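Comments concern the structure below.
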Amino acid sequence: MSEFVVRAAVEGEERATRDVLVQALHGQPTGDEKWARIAPAWPAATKFAAFDGDEPIGVTSSFTTEILVPGGRRVPFAAVDGIGVRAEWTRRGVLTELMAAQLPDLVDRGHVLAGLHASEATIYGRYGYGIAGRMQIFEIDRAKVRWRSDAPRSGRVRLLDAADAVKIVPGVHRSIGLRRQGNIGRPDSWWLNTHESYVLDGHRVAVHFGPDGADGFATFLTHTQRAPALADWHTELKVRDLHAANPAALAGLWRFLLGIDLVQTAYGLARPMDDPLPSMLEDPRACRTISVEDELWLRLLDVSAALNARTYGRAEPVVIEVADRRLPENSGAYRVTADGASRTDATADVRLDVETLAMLYLGGWRPSLLAEAGRIEVFDAEAPARLDSLFETAAEPWCGTHF
Ligand SMILES: CC(C)(COP(=O)(O)OP(=O)(O)OC[C@H]1O[C@@H](n2cnc3c(N)ncnc32)[C@H](O)[C@@H]1OP(=O)(O)O)[C@@H](O)C(=O)NCCC(=O)NCCS
């Protein structure tokens, strides 16, 4: 018999399961005041937990939203958050059992795709999640920043007080909309748990107003390291969350942020791989990419529905054979054409596992590169080039929402 039991969490187990998560991530147990505020964002209904007797020792959670896929359709999406196992229970199969319970449940709930942000990149491939989008971190030397004369310039920026920052920004995000593949909707629970916590934690929010009203916002934090001599004080500004409906709003927000007095260094955290900011500066090296990291890990829960939801580029069809150990009903051959995808009995041109398919799905990796890397088994030598054209997207995928 197993030493622990995995089951759906029930009402009354919310706070204890959250504390398992928080401590696994090296945080403090949630205080009464914070719990009173965020409890609605941590319902039992979407959680599975592992128990040693009555005591929760592991948890996985999710919230329901939509994700934009190539071609512009919004698809039901489970944002998997809140995974943690108590330190004395790790490497005993707890996460594997939690995933075995959660994955079919997400399928039953009608989600087509699931996604997560991984604390470490070696954990989730075995459950069929693949890196579908990457992000970069900018370090900006404010003293070197000069805007090119042709960089967009319009609108104005207003700094919000804390109450307005909580009230106004969700509507601005909604009106900006999902703009590129990988973007997800943000339910009220996300705003409560994440954005409101940023604001209470000292982050400030700037909103950009263009000709048609609010069209961008930036949530940022400044930190000053004090030294004995005034000249050696160093202030950093970290932009945690920035969304803009158009390049003018993006430029307007950065013009404002990089114009704030006494700041030496600014960071753009979790920016898309094709963020145009460096191209708007006289000296593009004023804005350096200091890290490229995996952002959204994607899981195709219903391969057929997922392949049908996106559009494809022009190329001759390719038959792909997909292997999915955890959700075997997904395993089989699919014919991907410029007009869509469907199950087939035809002989496969390539074979890949569902994790690798997740890497291709939003257009973040070139299939022929993954074939060269050995992740796609090739039976028809022409197939990888055709897959390149079929799966290619104009913009880089980017989720842009941390959960
Ligand atoms: C990551 C975490 C949830 C894994 O839980 P766990 O119960 O130890 O995982 P399991 O015992 O089920 O391990 C399953 C497999 O993943 C591997 N694995 C799990 N965590 C790993 C890690 N951090 N690094 C490398 N491999 C890991 C195990 O070795 C095992 O491999 P196997 O299938 O080849 O035997 C747990 O270590 C944890 O809570 N860590 C701290 C918080 C955290 O990082 N949460 C994730 C947030 S996204």
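In each ligand, atom 1 is the first atom listed, and ligand 1 is the first ligand listed. Predicted model, so just to flag it, every value in this text is computed and none were measured.
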- Query: What's the verdict on side-chain hydrogen bond (donor to acceptor under 3.5 Å, both in side chains) for S342 and R335, showing C-alpha distance, side-chain angles and the deciding distance?
  - Reply: CA-CA 5 Å; S342 54; R335 189 164 182 270; over 6 Å; no
- Message: Nearest 0.5 angstrom please: W254 CH2 to C287 SG, how far?
- Response: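 SG of C287 is found 7.0 Å from CH2 of W254.
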- Query: Will you find, in the side chains of S291 and Q136, an N or O donor that is under 3.5 Å from an N or O acceptor?
  - Reply: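 Note: S291 and Q136 side chains miss the donor-acceptor criterion.
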- Message: Under a plain distance cut-off of 3.5 Å, with no hydrogens placed, do S331 and D324 share a side-chain donor-acceptor pair?
- Response: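 Note: D324 and S331 side chains miss the donor-acceptor criterion.
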- Task: Of the side chain and backbone of Y127, name the one, both, or neither that has a heavy atom under 4.0 Å from an atom of ligand 1.
- Result: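 Only the side chain of Y127 comes within reach of ligand 1.
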- Less than 4.0 Å between atom 8 (O) of ligand 1 and some protein heavy atom, yes or no?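 Yes, at least one protein heavy atom sits under 4.0 Å from atom 8 (O) of ligand 1.
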Any atoms of ligand 1 less than 4.0 Å from a non-hydrogen atom of [X]? List them with their elements.
{"X": "L25", "answer": "42 (C), 43 (C)"}
{"X": "T96", "answer": "12 (O), 14 (C)"}
{"X": "G84", "answer": "39 (O)"}
{"X": "A24", "answer": "39 (O), 41 (C), 42 (C)"}
{"X": "H117", "answer": "48 (S)"}
{"X": "R92", "answer": "11 (O)"}

- Item | Heavy-atom side-chain contact between F217 and H208 under 4.5 Å |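 No - every pair of side-chain heavy atoms lies 4.5 Å or more apart.
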- Query: Just wondering, do P40 and L192 contact through their side chains at under 4.5 Å, heavy atoms?
  - Reply: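 Yes. Closest side-chain heavy atoms under 4.5 Å.
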- Query: With a 6.0 Å cut-off on ring centres, are F403 and F63 close enough?
  - Reply: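 Centroid separation for F403 and F63: below 6.0 Å.
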For [atom], closest protein heavy-atom neighbour:
{"atom": "atom 24 (N) of ligand 1", "value": "T122 OG1, 3.4 Å"}
{"atom": "atom 2 (C) of ligand 1", "value": "L95 CD2, 4.4 Å"}
{"atom": "atom 38 (C) of ligand 1", "value": "V85 N, 3.9 Å"}
{"atom": "atom 36 (C) of ligand 1", "value": "T90 CG2, 3.9 Å"}
{"atom": "atom 45 (N) of ligand 1", "value": "I83 O, 2.9 Å"}
{"atom": "atom 1 (C) of ligand 1", "value": "I123 CD1, 3.5 Å"}
{"atom": "atom 44 (O) of ligand 1", "value": "S119 OG, 2.6 Å"}
{"atom": "atom 48 (S) of ligand 1", "value": "Y124 OH, 3.2 Å"}

- Query: Taking W398 as the fixed residue, which of D274, N183, D275 is the one that meets the side chain to side chain contact (heavy atoms under 4.5 Å, CB included) rule?
  - Reply: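 Exactly one candidate clears the test, N183.
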- Query: Would you call R148 and E282 a salt bridge, taking side-chain N to carboxylate O under 4.0 Å as the test?
  - Reply: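 Here R148 does not pair with E282 in a salt bridge, since their nearest N and O are not under 4.0 Å apart.
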- Query: Which option out of R91, Q23, E120 puts a heavy atom nearest to atom 27 (C) of ligand 1?
  - Reply: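 Going through R91, Q23, E120 one by one, R91 has the nearest heavy atom to atom 27 (C) of ligand 1.
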- Item | Residue selection (non-hydrogen contact nearest atom 16 (O) of ligand 1) among R86, H26, R126 |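 Ranked by closest heavy atom to atom 16 (O) of ligand 1, first place is R126.
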- Task: Can you see which heavy atom on L253 is nearest to which on V207, and at what distance?
- Result: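 Looking at all heavy atoms of both residues, the shortest contact is CD2-C, 4.4 Å.
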- Message: I'd like to check whether G93 has a polar contact with ligand 1, where a contact means an N/O of the residue lying under 3.5 Å from an N/O of the ligand.
- Response: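 Yes, at least one N or O pair falls under 3.5 Å.
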- Fit a plane to each ring of H195 and W190, take the angle between them on a 0 to 90° scale, and name the class: parallel (under 30°), tilted (30 to 60°) or perpendicular (over 60°).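 The arrangement is parallel - the two ring planes meet at less than 30°.
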- Item | Residue D108 excluded, over 12 heavy atoms near CG under 6.0 Å |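 Atom CG in D108 is packed in, count exceeds 12.
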